[in-house]
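Some notes on the structure that comes next.
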Amino acid sequence: MTDLSMLPVTLDDIRAAAKLLDGVIAHTPVESSRALARETGSPVYLKCENLQRAGSFKVRGAYVRMAKLSPADKARGVVAASAGNHAQGVAVAAARLGIAARIYMPLGVALPKLAATRGHGAEVILHGHTVDDALAEAQRYSDRTGAVFVHPFDNVDVVAGQGTIGLELLDQIPDLDTVVMGVGGGGLLAGVAVALKSRARELGREIRIIGVQAENAASYPPSLAADALVPLTRVSTIADGIAVGRPGQLPFSIIRELVDDVVTVSEDSLARALIFLLERAKMVVEPAGAVGVAALMDGKIDNPGTTAVILSGGNIDPMLMLKVIQRGLAAAGRYLVVRILLDDRPGSLATISRIIADADANVTGVDHTRVGGSISMGDVAITINMETKGHEHCELVLKNLRAEGFQPVVLPG
């Protein structure tokens, strides 16, 4: 059995962090989900850190780290790097503590996150194409100027701050059996694991801790299997908040001792989870915050018992939201895009429209072109977007089109 007092972050550290955060952060609510409970056969609660100050849990760790700086360190200012949530957390904490903050963000960062970070008073520098690029530049700036580098996850105080969510959860859900959350670098997962495993041991019971990663940005499963940090050569996911190619050394040392499992979910599963949270929970959640819900919907967690899913953030670019909604609807069979090649003669499009209407599908867009590498002279390509009512309905539409001699090709949503 792991000696919890020998871990780099302990329950006492997290309790001290909770005192520092008293009056600074929101004690975010938990909401029950009857729909998820029906899917899992057990009570499911959503811990709404998407409603936290600055829109995510990140302000917890950032504030604890910065509040403990010496006056001399505060005078030198802080520097950080982030795709958005950590940036906003650092900016909010810096403004409250009266510390100058310089934050590096990758090129192409979502405009709402960029604007919000600047709006909180931080100086923002765009650098590199990934969070890892921005992190490296932030570290160079710290080395050059003496500004204190506030790492997003690889720091004792940051991990302790994130762990305060675990203390809140057990107060809010005393009979908790399983907690599920996303993991990127690992600060949130490590902190919550320390808090809940330690409290559970004091209470003489067990609480399972499950991390979830996007399958195209999953550095923890191979690292845990190798018992060493295994960096990814490529990271590609809509869940930019957990798009981290290499686990943090400090969180990894805790996660390998305490966390029960780390599972992965697909991009389509993420999109479906976001749609579910919008429609059924009335929650705006970013992809990284929805991975736990995706894992439950995919049946990745056996016999979860009373479960809490941490919705870690709600900072989503509206343009990304549009794309994710479309992908999520397509994955659920509620949005169908087909491309049909046919002879360019009068009445063909009208026939196709009649078939779709008779099947009770709703056309939302049509693209008609005679030019393209796969289009022969005298042919035309028609791309049709339509609203459908599930996978069986999609198959009915396709079957009816084929029965009339058309050969529809389904395109990605």
Ignoring hydrogens and angles, tell me if any N or O in the side chain of [X] forms a donor-acceptor pair with the backbone of [Y] under 3.5 Å.
X: Gln213; Y: Tyr220; result: yes
X: Gln52; Y: Thr28; result: no
X: Asn216; Y: Thr237; result: no
X: Ser269; Y: Val265; result: no
X: His393; Y: Ala359; result: yes
X: Ser82; Y: Gly84; result: yes
X: Ser142; Y: Ala147; result: yes
X: Gln162; Y: Gly61; result: yes

Evaluate Thr307 against Thr40 for side-chain contact (heavy atoms from CB on, under 4.5 Å), listing each step before the verdict. CA-CA 9 Å; Thr307 303; Thr40 63; 5.8 Å; no
Taking the side chain as everything from C-beta on, heavy atoms only, tell me whether [X] gets closer than 4.5 Å to [Y].
X: Asn400; Y: Asp358; answer: no
X: Pro287; Y: Leu320; answer: yes
X: Met283; Y: Glu31; answer: yes

If I take atom [atom1] from residue [X] and atom [atom2] from residue [Y], how far apart are they, to the nearest 0.5 angstrom?
X: Arg199; Y: Arg205; atom1: CZ; atom2: CZ; result: 9.5 Å
X: Arg65; Y: Leu97; atom1: CZ; atom2: CG; result: 12.5 Å
X: Leu176; Y: Leu196; atom1: CG; atom2: CG; result: 6.5 Å

For [X] and [Y], which heavy atoms make the closest approach, and how far apart are they?
X: Val159; Y: Pro251; value: CG2-CG, 4.5 Å
X: Ala54; Y: Val92; value: CB-CG2, 3.8 Å
X: Ala138; Y: Val79; value: O-CG1, 3.7 Å

One thing to verify: whether Lys113 and Glu286 come together as a salt bridge, which I'm taking to mean a side-chain N less than 4.0 angstrom from a carboxylate O. yes
Electrostatic pair Arg334-Glu279, nearest N-O below 4.0 angstrom: yes
Given side-chain contact (heavy atoms from CB on, under 4.5 Å), test Val212 with Val262 step by step and report yes or no. CA-CA 5 Å; Val212 187; Val262 176; over 6 Å; no
Strictly by side chain to side chain donor-acceptor pair (under 3.5 Å), give each pair with a member in residues 170-194 just once, sequence neighbours left out. Lys47-Gln172
Can you tell me which residue pairs pass the side chain to side chain donor-acceptor pair (under 3.5 Å) test with a partner in residues 5-25, sequence neighbours excluded? Asp3-Ser5, Thr10-Asp13, Arg15-Glu202
Pair Thr364, Asn385: side-chain N/O donor-acceptor within cut-off below 3.5 Å: no
Within a 6.0 Å radius of atom CZ on Arg140, are there more than 12 heavy atoms belonging to other residues, nucleotides or ligands? yes
For atom CD of Glu215, is the number of surrounding heavy atoms from other residues, nucleotides or ligands below 6.0 Å larger than 12? yes
Can you check side chain to side chain donor-acceptor pair (under 3.5 Å) on Glu404 and Thr351, steps first, answer last? CA-CA 9 Å; Glu404 295 269 1; Thr351 301; over 6 Å; no
Checking side-chain contact (heavy atoms from CB on, under 4.5 Å) for the pair Val158/Val64: CA distance, chi angles, key distance, verdict? CA-CA 6 Å; Val158 169; Val64 172; over 6 Å; no
